[in-house]
Structures are given as C-alpha cells and as structure tokens.
Amino acid sequence: MDFLSELRSRLRSALTLMTDTPDAYVEMLKPSQEVKFGDFQANCAMSLAKLARRPPRDVAAELISKLDVADICDPPEIAGPGFINFRLKTERLADETARLTRDERLGVALVATPRQYIVDFSSPNVAKPMHVGHLRSTVIGNALCRVLRFLGHHVLSDNHVGDWGTQFGMIIYGYKHFRDDAAYRNNAVPELARLYRLVNQLTDYHTVVAELPPLRAQIAAKEAAVASARQAADFKPTDKDAARAAKRAEQELSEHIAGIESAQTKCDLVESNPGLKSLADAHPRIGELSRRETALLHAGNIENKRLWDEFVPKCMQALESMYQRFGIVFDMSLGESWYNPMLPGIVEELKQKEMARISDGATCVFVEGNPAPFIVQKADGAFTYATTDLATIRHRVETLHADACLYVVDSRQSEHFQLLFATAKNLGYSQTEFRHVSFGTVLGEDRRPIKTRSGDSIGLESLLDEAIQNARKIVDENSSHLSDADRSNVSVLVGMGAIIYVDLHHNRDSDYVFSWDKMLATSGDTATYNQYAYARVCGILRKGGIDVAELRRAGHAIQLATPAERALALQLNRFSNAVSDVAIDYRPNLLTQYLFETANCFASFFNDCPVLSAEPPELRASRLLLCDATARILKCGLDLLGIGVVQQM
RNA sequence: GCGCCCGUAGCUCAGUUGGAUAGAGCAACGGAUUUCUAAUCCGUAGGUCGAAGGUUCGAAUCCUUCCGGGCGUACCA
C-alpha cells in the first residue's frame with residue numbers, strides 16, 4: 001500500500017463532510033519533515049479554519065473525529081497552531097513492508113490511464129562533436145523516458161538530429177576545398193568535424209575583419225555618452241534615472257569593448273597562423289559560398305545530396321557509439337532532414353489560415369502577446385527550425401498520436417518553444433500537452449559556460465574517458481580484492497554514474513558549476529555512495545549464501561524494533577511516491593534525492609543492525625528481507641536514472 | 001528598451017500548490033568499528049534566505065520597489 005495515497009484518500013472522505021472543495025486540502029497532507037512530527041503531517045486545518053473563522057485547533061479536532069485511520073495510524077495528534085501529525089502503526093508498517101519485499105514492482109503501481117509520450121532529447125548536430133552542453137539533454141531525457149515507461153506510459157524517444165542546417169553547407173564547402181583524403185578515409189567523422197571548425201573559423205574571420213573598423217569607430221561616441229551621462233548623474237546625485245542611465249552607458253561601453261576584444265582574438269588566431277591566413281585570403285567569400293552550398297542541398301542538388309548521403313550515416317554511427325556508453329537506445333532518430341518534404345505545406349497552410357504574413361521579406365507568425373516574430377520562411381526562401389518543429393509536431397500528433405510531447409532542451413530556447421506551442425495550438429493541436437522541459441547551462445568554475453583552457457567546449461568523449469580513468473585510480477586504491485577485469489568494469493560504472501548523477505541531482509532549471517572534483521567525488525551525495533550501498537547489501541547476501549528467491553517466497557514477517565529498521569522500512573515504502581513525483585513535473589532530481597536518503601537509511605541500519613549474526617532466526621530473516629528490498633530499490637532507482645550497479649566494488 | 005530566469009552556510013546545491021527551530025553534500029573540528037565492504041556511521045560549528053516594504057494565524061516561497069547577476073530578443077539551431 002502507498003501510505004501517502006491511502007491517508008489522503010481517508011482524509012478526503014473526512015473533508016467532504018466539512019467542505020465542498022476537499023481536493024486542495026487533501027494535497028496538504030505530506031510526509032513529515034522531521035521525525036519528531038511523526039511520519040506524515042496534514043496542514044489543512046489552518047486553512048479551513050481561516051474560511052470558517054474558527055480556531056484552527058478546533059477544526060483539527062473536528063477533522064480528526066471524522067477521520068477513520070485507526071487501522072493505519074496511532075491516534076493523530078494536534079500540534080502547534082493546528083498541524084495534525086500521523087504516526088503509522090509499526091505493525092502495519094511492518095506488514096506493508098513485508099508485502100513490498102515480495103512485490104516485483106516494489107510498490108510502484110502502473111498508471112491507470114497510460115499516455116503516449118514523445119520525448120525529444122539529446123538532438124546533437126551531426127558532424128559537430130558532442131560536448132558537455134549535450135550532456136544534460138541526453139541524461140535528463142533518458143531518465144525521463146525510463147521513469148515514464150516504468151510507470152506504464154507509452155514512450156517514444158526521438159533524437160531530433162540536426163542534419164539539415166547551415167552547418168552542413170560549411171562541411172560541404174570544407175570537403176570540396178580543404179579535405180585531407182587520407183584522414184577522411186582513415187576516420188571520416190573527426191575529419192568532417194575539423195572541416196566544420198575550419199570553415200566556421202574562416203567565416204568568422206571575414207565577418208570580424210569587416211566589423212572591427214566600425215566597431216572601433218564607435219568607441220569614441222560611446223565614451224562620450226558615458227562621460228555625459230556620468231556628468232549628468234554627478235550633477236544631480238538624487239536623480240535615480242540619471243544614475244541608471246550612466247550605469248547603462250558604462251555597461252554598454254564595457255560590453256562593446258569586450259566584443260571588440262573577442263573579435264580581435266578571432267582575428268589574431270587566424271593572422272598569427274600563416275597557413276590559416278593564406279587560406280582565409282584565398283577564400284574571401286567563404287561565408288556566402290557555404291550558405292549557397294546549404295541552399296543547393298535543400299534544392300536537391302545532386303552532388304551535395306550525394307555528399308550528404310555519404311556523410312550522415314558515418315556521423316550517425318559515431319553518435320551511436322556515444323549513446324552506447326550511456327546505454328541509450330532511441331526509438332527514432334528522425335532528423336530535421338526527414339521533415340523537409342513537409343515544410344512548404346506547413347507554410348502554405350499558415351498562409352491560408354491567415355496565421356502568417358510577410359514582414360521584412362520573411363514569412364512570420366505573430367502570436368498574441370508576443371512582439372517577436374516566429375519566422376517560418378526566411379526572405380531568401382529557406383525554411384527555419386521553426387518550420388521543421390511545426391512539421392515535427394504534425395507528425396507526432398497525427399501519425400504517432402502523441403498525448404504529450406516533451407522537449408528536453410536548453411532553457412535559452414524558451415521563447416522559441418513558447419511561440420512554437422502557441423502556433424501549434426492555433427493550428428488545432430490543442431489536445432496534446434506540449435512541454436519544454438528546460439534546463440540550465442553547465443558553467444565552468446569561472447561561472448561562464450564551460451570551456452577548456454584553449455577556449456573550446458569540453459568534448460563529451462574525453463569527459464567520459466577522464467571520469468572513468470579517475471574512477472579507476474580510486475578503484476585501485478580501494479578494491480585490491482577484485483580482479484583486473486572486475487576493476488575495469490567497476491571503473492566504467494562508477495565513472496559514468498558519477499557524471500550522470502551529478503547532472504541529474506541538480507534541479508534541472510538551475511545552471512550549475514561543473515567541477516572535476518565533484519564529478520570524481522566518491523563520498524557524500526554521489527552515484528558512488530548509492531552504488532556502494534548496493535554493493536554492501538550484495539556483500540551480506542553473498543556472505544550469507546542467501547537464496548533471495550527463496551527468501552522472498554518464504555513469507556517471513558518484518559520486525560521493526562529499532563529506529564534504524566523502522567526508518568529504513570518507511571523509506572522503502574516511499575519509493576512509489578518518489579518515482580511518480582518525477583513524472584509530475586519531469587524532475588529527476590527528486591529521485592536522486594530519494595535514493596540518497598534511502599542509501600543513507602541503509603548505511604545507518606548497516607551500522608546499527610547486524611544481519612547475518614542476528615538472533616533469533618526470525619529477526620535475521622526480517623533483516624535479510626529489508627536488505628534485499630533495499631538493494632532492489634537502489635538498483636531499480638539507479639537504473640531509472642540510467643546508472644548501473646555492481647555486486648562488488 | 002522589452003521578455004524570461006536567478007540571488008539560501010566558506011564552497012556546490014536542495015527546499016514539492018505558503019507551514020513548525022530554513023536542510024544536504026564538500027571543506028573544518030570532535031567522536032565511533034579487534035563484527036556483514038571505513039568509498040561508512042554519529043556529532044559540533046557554520047544563515048539578517050540580496051535589500052526594503054506589503055499580503056496573513058504563518059513568507060526563502062505570493063505582491064511591489066530597489067540592488068546585483070545570467071539569458072533571450074528578425075531571418076543560426
């Protein structure tokens with residue numbers, strides 16, 4: 001039994017006798033924050049009292065008198081201004097725990113009405129190596145898919161690969177002019193990535209060279225603006241607007257200077273390298289020409305389409321090997337290119353329905369309450385990701401029959417999704433839940449988006465390798481009892497687990513500061529801590545030579561005489577709440593938090609309660625069952641997050 | 001200018017539709033096991049929840065203003 005749901009349902013029965021709107025009050029029953037307040041607390045008496053203009057403790061007393069929970073709890077207590085505290089009867093908790101230890105699903109019920117979810121995540125661009133920025137989407141999306149599936153929903157994971165955008169023209173241009181045939185034959189993807197970076201750099205160079213003189217010319221004007229604004233502010237120190245204007249002017253100036261510096265850096269990088277400089281000089285129109293390659297590709301140019309057909313499978317294969325390391329298998333990888341044939345129809349329909357109009361040459365949808373345009377066709381006729389995303393929605397709703405579409409994408413794109421969803425609704429897709437599951441940026445220790453010393457983003461591949469390598473050092477220090485092969489295996493799971501867990505344990509909305517120390521930490525709130533707890537349970541079962549199938553079948557009772565045992569049992573019974581909480585607002589960190597608390601309860605139990613040497617045999621059996629259930633919940637919960645476990649470490 | 005987000009312990013972060021004395025981890029300090037994995041456990045210390053008002057039985061949470069920071073803002077995705 002799920003105690004929380006059961007208590008809430010009992011509370012609802014009592015509340016219907018006192019109010020017409022019990023639902024809001026039912027939600028106010030939740031797990032207690034502190035042990036001394038019991039196991040659960042209801043905070044609704046105060047709110048009810050306000051409406052009824054009665055003393056809250058009286059209302060609490062009346063509520064208790066109407067509440068039938070005697071079979072589950074000790075008599076509820078009124079505390080403070082009118083809290084109602086519930087403490088489960090220990091025998092009842094023990095009975096339910098015994099049931100849990102035999103339950104294949106560990107108390108997690110299947111949802112009554114499964115929905116069809118489409119989860120769009122990871123979505124890298126092909127031929128650009130994956131970097132830390134792709135980590136969050138990949139890891140969060142995977143965890144959500146697993147949790148939703150476990151709850152009984154139908155889930156289709158979709159990798160909406162960027163295989164059709166502007167970067168492809170750059171690659172084609174690079175391939176045509178700069179390719180190293182030997183390198184390409186030897187390993188195509190790194191060579192394509194090199195070509196992309198090269199073309200990008202040369203394009204930037206020409207842009208920047210053109211921009212620098214006017215930017216420089218503006219400095220004097222900006223400085224003058226600062227001086228006069230500052231003077232005005234100093235002249236009238238009480239005028240806040242003047243002070244603000246001065247500050248804004250200063251800010252503008254410093255941003256301007258920073259812009260020039262960064263442009264200068266890009267410039268210097270090319271000019272200090274004679275090889276690059278001569279390439280740049282030889283390709284003055286590289287930006288324009290690589291855009292043309294993109295346009296040719298989209299227009300069906302045979303040569304470019306042939307190159308595309310050649311490049312994409314190679315790139316997809318490289319991505320695939322990355323996903324294998326995470327244990328991720330996508331149900332679909334329908335890239336942007338897949339929707340290409342649908343794009344003209346989308347724009348046509350928007351025009352017919354008079355939702356789109358031409359503005360500055362571009363075809364735009366304007367959404368009420370938002371001045372920003374949603375550009376579905378550029379002035380040059382090219383479509384944008386807005387168009388592609390609309391086509392994607394059409395496919396997901398009409399063909400895949402989605403009830404809910406989740407987009408696990410960087411929070412910086414929130415405005416895009418706001419416009420996209422509003423447009424989709426106006427197109428008639430109003431029965432589907434569209435949700436931008438946004439997440440914050442991974443920052444470096446300087447609090448800027450993470451970079452290596454050379455200024456590049458850290459590659460995902462090297463991040464994983466380094467984590468595993470570091471895990472190996474720690475494993476070697478701690479686990480001399482393991483064979484070399486086992487140590488390798490443990491290192492992979494510990495290293496990968498560390499990275500995945502660090503990411504998931506943050507609230508997804510927050511930016512977080514990446515640090516190697518945290519990634520590699522093996523104590524405290526980490527994947528390793530959870531994996532270690534799991535391995536310790538396995539150690540007990542192994543040393544005792546326990547046949548767990550037999551143990552579960554035997555029908556032993558659970559005994560909860562000590563605080564550590566009771567706390568652990570209560571925690572195990574909350575697993576189903578933790579899993580379903582993740583699905584409410586798509587927040588995996590609620591599960592990492594639960595698992596850490598569970599592992600922590602187990603560690604205390606492990607310290608206080610001997611298992612194998614426990615007497616009498618009934619107590620030993622009870623503790624063994626608690627161990628077994630703990631292990632299964634840790635394994636299951638970590639698996640839902642995409643993190644593996646080992647029996648020995 | 002407009003829009004969105006953020007400001008919680010020395011550091012990194014939780015804090016579920018407003019609830020009891022604001023919680024973890026790391027770092028610091030002090031304890032625990034001749035026992036099933038010490039990658040552990042228990043404890044101490046550390047806070048004006050950016051500031052000021054307001055709403056009410058009750059505010060880190062809701063409202064207003066201000067300060068500080070990030071991001072987005074027309075043809076990149």
Side-chain angles (χ1 to χ4, degrees), chain A residues 24 27-28 30-34 36-37 41 43 46-47 49-50 55-56 79-83 85 123 125 162 164-167 240 248 336 359-364 370-380 382 384-386 388-389 409-416 418 438 440-441 443 447-449 474-475 477-479 481 494 502 505-507 509-513 515 517-518 521-526 528-529 531-533 535-544 581 584-585 587 589-590 592-593 596-597 600 603-614 623 627 648-649:
Chain A
E27 300 289 310
M28 296 170 90
K30 45 186 95 172
S32 295
Q33 294 180 354
E34 288 192 57
K36 67 180 175 191
F37 297 135
Q41 62 179 42
N43 307 332
M46 281 91 79
S47 307
K50 194 188 312 194
F83 295 100
N85 293 336
S123 310
N125 287 322
W164 201 241
T166 312
Q167 96 275 11
K240 285 197 171 172
R248 201 163 46 235
E336 292 170 339
S359 170
D360 285 351
T363 309
C364 307
N370 197 326
F374 194 55
I375 298 178
V376 291
Q377 191 166 20
K378 298 193 270 190
D380 66 4
T384 72
Y385 76 138
T388 312
D389 280 354
V409 179
D410 198 321
S411 58
R412 283 175 292 196
Q413 294 192 36
S414 62
E415 193 171 30
H416 166 70
Q418 202 185 316
S438 63
T441 312
L443 306 173
R447 295 210 144 261
R448 310 211 53 98
I474 295 165
V475 171
E477 281 167 26
N478 286 284
S479 303
H481 54 285
V494 167
V502 164
H505 105 281
H506 291 90
N507 181 324
D509 284 319
S510 325
D511 296 347
Y512 73 87
V513 176
S515 96
D517 287 350
K518 265 191 298 178
T522 55
S523 61
D525 188 0
T526 60
T528 314
Y529 180 89
Q531 291 166 322
Y532 182 66
R536 292 215 288 182
V537 185
C538 292
I540 294 175
L541 299 173
R542 186 174 55 247
K543 292 228 162 140
D581 283 351
I584 291 174
D585 202 28
R587 296 196 177 276
N589 68 314
L590 299 177
T592 62
Q593 194 179 322
F596 177 62
E597 285 163 6
N600 193 233
S604 299
F605 163 87
F606 184 88
N607 235 47
D608 295 354
C609 307
V611 177
L612 293 175
S613 61
R623 287 181 175 173
C627 286
Q648 274 190 81
M649 59 189 280

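By convention in this document, chain letters (A, B, ...) are assigned in the order of the sequence lines, proteins followed by strands, and residues within each chain are numbered from 1.
- Atom OG1 of A:Thr528 sits about 6.0 Å away from atom CE of A:Met649, to the nearest 0.5 Å.
- Between B:G3 and B:U16, the two P atoms lie 27 Å apart (nearest whole Å).
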Under-3.5 Å N/O pairs linking protein and nucleotides 69-72 of chain B:
residue	atom	partner	partner atom	Å
B:G72	O2'	A:Glu415	OE1	3.4

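- Under 4.0 angstrom from either OP1 or OP2 of B:A14 there lies no side-chain N or O belonging to A:Arg587.
- Within the nucleic acid shown, A:Asn85 comes within 4.0 Å of at least one base atom, counting heavy atoms only.
- Atom-to-atom distance recorded for A:Arg587:CZ and A:Gln593:CD is 12.0 Å, nearest 0.5 angstrom.
- For the residue pair A:Tyr529 / A:Asn600, a side-chain donor-acceptor distance below 3.5 Å is found, with atom types taken as modelled.
- The CG atom of A:Leu590 sits 8.5 Å away from the CD1 atom of A:Ile584 when rounded to the nearest 0.5 Å.
- At the phosphate of B:C41, OP1 or OP2 sits under 4.0 Å from a side-chain N or O atom of A:Tyr529.
- For the C1' atoms, the distance from B:G18 to B:G54 is 15 Å, rounded to whole Å.
- Using a 4.0 Å heavy-atom cutoff across all strands shown, A:Cys609 reaches at least one base atom of the nucleic acid.
- When distances are taken from the side chain of A:Lys543 to each of B:U12, B:C36, B:A39, the shortest belongs to B:C36.
- Among the heavy atoms of the strands, none lies under 4.0 Å from A:Ala372.
- If you check every strand for non-hydrogen atoms under 4.0 Å, A:Cys364 touches a base.
- In this structure, CG on A:Asp585 lies 8.0 Å from CG on A:Asp509, to the nearest 0.5 angstrom.
- Residue contacts for A:Val513: at a heavy-atom cut-off of 4.0 Å it reaches the sugar-phosphate backbone alone, with no base atom in range.
- Distance check on atom P: B:U44 versus B:A24 gives 10 Å, rounded to whole Å.
- The side chain of A:Ile540 lies closest to B:C36, out of B:C36, B:A39, B:G19.
- Ring orientation note: the planes of A:His506 and A:Tyr512 are close to parallel, at an angle under 30° on the 30°/60° scale.
- Between B:G58 and A:Lys50, no contact under 4.0 Å exists linking OP1 or OP2 to a side-chain N or O.
- Of the candidates B:U40, B:G19, B:U12, B:G19 carries the atom nearest the A:Met46 side chain, counting heavy atoms from C-beta on.
- The base of B:U21 sits with one of its N or O atoms less than 3.5 Å from a complementary donor or acceptor on the side chain of A:Lys36.
- Nucleic acid contact class of A:Phe606 (heavy atoms, under 4.0 Å, all strands): base.
- When each of B:U17, B:C13, B:A14 is scored by its nearest atom to the side-chain atoms of A:Ser510, the top-ranked nucleotide is B:A14.
- The residue A:Ser613 sits apart from the nucleic acid: no heavy atom pair falls under 4.0 Å.
- Spacing between B:A14 and B:U8 at atom P, rounded to whole Å, works out to 11 Å.
- Comparing B:G19, B:C41, B:G23 by their nearest atom to the side chain of A:Ala603 picks out B:C41.
- Heavy atoms of A:Ala49 sit nowhere under 4.0 angstrom from any nucleic acid atom.
- Sequence order on RNA chain B of the closest nucleotides to A:Ile474 and A:His505 puts A:His505 first from the 5' end.
- Between B:C41 and A:Asn600, a contact under 4.0 Å exists linking OP1 or OP2 to a side-chain N or O.
- The closest donor-acceptor contact from the side chain of A:Gln648 to the backbone of A:His481 lies at 3.5 Å or more, if one exists at all.
- Residue contacts for A:Thr522: at a heavy-atom cut-off of 4.0 Å it reaches a base atom on one of the strands shown.
- Each of B:A20, B:C41, B:C76 was ranked by its minimum atom distance to the side chain of A:Asn607; first place goes to B:C41.
- The side chain of A:Asn589 places an N or O atom within less than 4.0 Å of a non-bridging phosphate oxygen (OP1 or OP2) of B:G15.
- A distance of 4.5 Å separates OG1 of A:Thr441 from CG of A:Asp511, quoted to the nearest 0.5 Å.
- Within the 4.0 Å cut-off from OP1 or OP2 of B:C4, not a single side-chain nitrogen or oxygen of A:Gln418 is found.
- The P atoms of B:G19 and B:C66 are separated by 28 Å, rounded to the nearest whole Å.
- Checked against B:C13, B:A39, B:A74, the side chain of A:Ile375 finds its nearest nucleotide in B:A74.
- Checked by atom type and distance alone, the side chain of A:Thr384 pairs as donor or acceptor with a backbone atom of A:Ile375 at under 3.5 Å.
- Using a 4.0 Å cut-off, some side-chain N or O of A:Asn478 falls inside it from OP1 or OP2 of B:A39.
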**Prompt:** Based on Watson-Crick and G-U pairs with both distances under 3.5 Å, what dot-bracket line describes RNA chain B 5' to 3', crossing pairs as [ ] and inter-strand pairs as |?
**Reply:** (((((((..((((.....[...)))).(((((.......))))).....(((((..]....))))))))))))....

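- For B:U12 and B:A38, the C1' atoms lie 25 Å apart once the distance is rounded to whole Å.
- Of the two residues contacting RNA chain B, namely A:Asp380 and A:Arg536, the nearest-nucleotide position lying further toward the 5' end is that of A:Arg536.
- B:G72 and B:A60 are spaced 33 Å apart, taking the P atom of each and rounding to whole Å.
- Across all strands, A:Gln648 comes closer than 4.0 Å to base atoms (heavy-atom distances).
- B:A20 has A:Phe83 stacked on its base ring, the centres lying under 5.5 angstrom apart and the planes within 30 degrees of parallel.
- The backbone N or O of A:Asn43 sits nowhere less than 3.5 Å from a side-chain atom of A:Lys30 that would complete a donor-acceptor pair.
- Within 4.0 Å (heavy atoms only), A:Ser359 reaches at least one base atom of the nucleic acid.
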**Prompt:** side-chain contact (heavy atoms from CB on, under 4.5 Å) between A:Phe606 and A:Ile540: does it pass, once the steps are laid out?
**Reply:** CA-CA 10 Å; A:Phe606 184 88; A:Ile540 294 175; 3.7 Å; yes

**Asked** Yes or no on ring-ring contact (aromatic ring centres under 6.0 Å, His included) for A:His505 and A:Phe596, after CA distance, side-chain angles and deciding distance?
**Response** CA-CA 10 Å; A:His505 105 281; A:Phe596 177 62; 9.0 Å; no

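- Annotation: the span from A:Leu612 atom CG to A:Cys627 atom SG amounts to 8.0 Å, rounded to 0.5 Å.
- Stacking of the aromatic ring of A:Phe596 onto the base of B:A24 is not found under the criterion of centres within 5.5 Å and planes under 30°.
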**Prompt:** Please walk me through it: do A:His416 and A:Val409 pass side-chain contact (heavy atoms from CB on, under 4.5 Å)?
**Reply:** CA-CA 11 Å; A:His416 166 70; A:Val409 179; over 6 Å; no

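- For the C1' atoms, the distance from B:U55 to B:C63 is 7 Å, rounded to whole Å.
- Using a 4.0 Å heavy-atom criterion, one finds that A:Thr528 contacts the bases of the nucleic acid, with or without backbone contacts as well.
- Of the side-chain N and O atoms in A:Asn507, one or more sit less than 4.0 angstrom from OP1 or OP2 of B:G15.
- Side-chain to base pairing of A:Ser479 with B:A39: one donor and one acceptor N or O lie within less than 3.5 Å of each other.
- Below the 3.5 angstrom threshold, one finds no donor paired with an acceptor across the side chain of A:Thr526 and the base of B:A39.
- Between the side chain of A:Gln593 and the base of B:A24 there is no donor-acceptor pair of N/O atoms closer than 3.5 Å.
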